Amino acid sequence: MKSKVELNGKTILVTGSPGFIGANLAIRLLGELTAGTVVSLDNMNDYYDPALKEYRLRLIEKAAETSPVRHIFVKGTIGDKALVDELFSTYRFDIVVNLAAQAGVRYSIDHPDVYMESNIIGFYNLLEACRHNPVEHLVYASSSSVYGGNKKVPFSTDDKVDNPVSLYAATKKSNELLAHAYSKLYNIPSTGLRFFTVYGPAGRPDMFYFNATSTLSKGGTIKIFNYGDMRRDFTYIDDIVEGVYRVMQGAPEKKNGEDGLPIPPYAIYNIGGGQPENLLDYISILQEELVRSGVLPENYDFEGHRELVGMQAGDVPVTYADSEALERDYGFTPKIGIREGLRAFAEWYKGYYA
């Protein structure tokens, strides 16, 4: 059972805004709600081009100009416990959505300390703040990477996820475990969302579709891992935001067990496209849309700019979400196919970099 959470008039913290998902969620909240406060928190680091975050922040601020909802941006990190505590005591958040994290599987191999600081210490700081300043609902980003090298597909939240193949995945699984402990000990309603390969306009430049576009537009050669034998459950940004928005409105119900102690108000869901796509098909559609939008010329020699290479450390050949629980509990199924999504990205890319 879910407890209804009214978003209107509430004070909401969105960490990791103006990151990719955070910015789109903040814009959705500013456009949809008729009252309340949205506080955005991000450290604007240079993991990728900070100009892209500044661009997204401008989009948020533009949305705020015509919104009845107040928006406040705070530059800082969830790894700063004093800042997190100060924000919670000042604003008394009703709902917290934690999208702040050091992202990327491959980056974690060379920069493990950044992941510990943001994904472990930062998340702990938020849990402690929610403990001392009770919230109606804590929603946080997990990742499909927690499934590691699981062979059974589609991936279900009932599957065992004790064998991560990257440090990034290990930190995300740790978040789920910490949230469960805090939900049990302090009756904090928490919902973790395992995102599956999110893409779209103004996305992360380190993601394959964006990085490949940048490389091809400069006449470079793209590397296709595992010789193209990869399948990904690509999920368009609008579908992700719709899922998060719905989940925010339904918190796990607080109730006690037979022993009189709280049953953890805790839940985990997959948010994935539900239709794993072959990587080579995805690349072909991306290339077609890049030509259509004018990012690449009509006669572009795609075969001459592809290199098939082996698997990278920390990567997995298949991701595929079983999102039935999300549909059952929130009536939501992702709807946007890869051609529609990649067309929107290609058109945005053309406009942004023109």
Side-chain angles (χ1 to χ4, degrees), residues 1-3 5 14-16 21 25 95-101 103 105 119-120 122-124 126-127 130-131 135-150 152-166 168-198 233 235 239-255 257 262-274 316 318-334:
M1 288 290 290
K2 300 295 170 191
S3 297
V5 178
V14 180
T15 72
I21 301 173
L25 178 63
I95 300 149
V96 173
V97 185
N98 179 44
L99 301 170
V105 168
N119 301 11
I120 302 292
F123 191 62
Y124 159 75
L126 289 171
L127 288 169
C130 290
R131 169 191 173 188
V135 298
E136 292 179 48
H137 198 186
L138 166 65
V139 180
Y140 62 94
S142 184
S143 167
S144 62
S145 67
V146 301
Y147 291 107
N150 282 13
K152 176 192 144 293
V153 290
F155 297 147
S156 165
T157 52
D158 294 328
D159 295 342
K160 187 178 176 186
V161 287
D162 295 334
N163 301 293
V165 296
S166 70
Y168 172 69
T171 64
K172 288 300 188 178
K173 176 58 182 169
S174 299
N175 286 177
E176 296 178 1
L177 293 170
L178 288 165
H180 188 279
Y182 271 74
S183 287
K184 172 66 176 170
L185 291 168
Y186 307 113
N187 219 13
I188 300 169
S190 72
T191 303
L193 299 173
R194 294 174 177 170
F195 297 139
F196 281 69
T197 318
V198 189
D233 208 345
T235 319
D239 278 334
I240 289 286
V241 169
E242 177 65 28
V244 175
Y245 188 81
R246 291 196 188 199
V247 167
M248 288 170 69
Q249 299 174 75
E253 193 174 34
K254 291 183 180 182
K255 54 187 177 184
I263 296 170
Y266 169 90
I268 295 282
Y269 294 93
N270 290 331
I271 299 189
V316 294
V318 180
T319 67
Y320 180 10
D322 176 348
S323 299
E324 279 187 14
L326 191 70
E327 184 174 2
R328 179 193 68 223
D329 292 350
Y330 296 97
F332 175 66
T333 309

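Only a predicted model underlies this, so the values are computations on that prediction, with no experimental measurement involved.
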So Lys2 and Pro252, do their side chains get closer than 4.5 Å, heavy atoms only? yes
Of all heavy-atom pairs linking Gly16 and Ala100, the shortest is N-CB, 3.5 Å
Would you call Pro189 and Lys254 a side-chain contact if the rule is heavy atoms closer than 4.5 Å? yes
For Tyr182 and Tyr124, take the angle between the two ring planes, folded into 0 to 90°, and tell me which bin it lands in: parallel under 30, tilted 30 to 60, perpendicular over 60. perpendicular
Does any part of the side chain of Ser142, heavy atoms only, come nearer than 4.5 Å to the side chain of Glu176, both counted from C-beta? yes
Rounded to the nearest 0.5 Å, the CG atom of Leu127 sits from the CG atom of Leu185 at a distance of 10.5 Å
Heavy-atom closest contact (Asn187 atom, Ile263 atom, distance): OD1-O, 4.4 Å
Roughly how far apart are Asn98 CG and Ser190 OG, rounded to 0.5 Å? 11.5 Å
Within-4.5 Å side-chain heavy-atom neighbours: Val96 and Cys130: yes
Is a side-chain donor or acceptor of Thr235 paired with a backbone partner of Ile240 at a separation under 3.5 angstrom? no
Taking all non-hydrogen atoms of both residues into account, name the closest pair between Gly272 and Ser323 and its distance. N-OG, 3.4 Å
Can any side-chain N or O of Ser183 pair as donor or acceptor with the backbone N or O of Ile188 at less than 3.5 Å? yes
According to ring-ring contact (aromatic ring centres under 6.0 Å, His included), who are the partners of Phe123, at least two apart in sequence or on a separate chain? Tyr140
Rounded to the nearest 0.5 Å, what separates atom CZ in Arg246 from atom CZ in Phe332? 6.5 Å
Measure the NZ-OG distance between Lys173 and Ser145 for me, rounded to the nearest 0.5 Å. 11.5 Å
Starting at OG1 of Thr191, measure out to CG of Leu138 and round the result to the nearest 0.5 Å. 8.0 Å
Report the relative orientation of the aromatic rings in Phe155 and Phe196; use parallel for angles under 30°, tilted for 30 to 60°, perpendicular for over 60°. tilted
Side-chain heavy atoms of Ser144 within contact of Asn270, under 4.5 Å: no
Quick one: are Ile271 and Asp239 in side-chain contact, heavy atoms under 4.5 Å? no
If you compare all heavy atoms of Asp329 against all heavy atoms of Tyr269, which two are closest, and at what distance to 0.1 Å? OD2-OH, 2.6 Å
Are any of the side-chain heavy atoms of Ile95 and Val5 separated by less than 4.5 Å? yes
Mind listing the closest non-hydrogen atom pair of Ala103 and Tyr168 along with its distance? CA-CE1, 3.9 Å
Please check: side-chain N/O of Lys172 versus main-chain N/O of Asn119, any donor-acceptor pairing under 3.5 Å? no
Measuring only between side-chain heavy atoms, which start at C-beta, is Val247 closer than 4.5 Å to His137? yes
Within a radius of less than 6.0 Å around CD of Glu136, do more than 12 heavy atoms belonging to other residues, nucleotides or ligands occur? yes
Kindly state each residue pair satisfying side chain to side chain donor-acceptor pair (under 3.5 Å) with at least one member in residues 156-165, sequence neighbours excluded. Lys152-Asp159
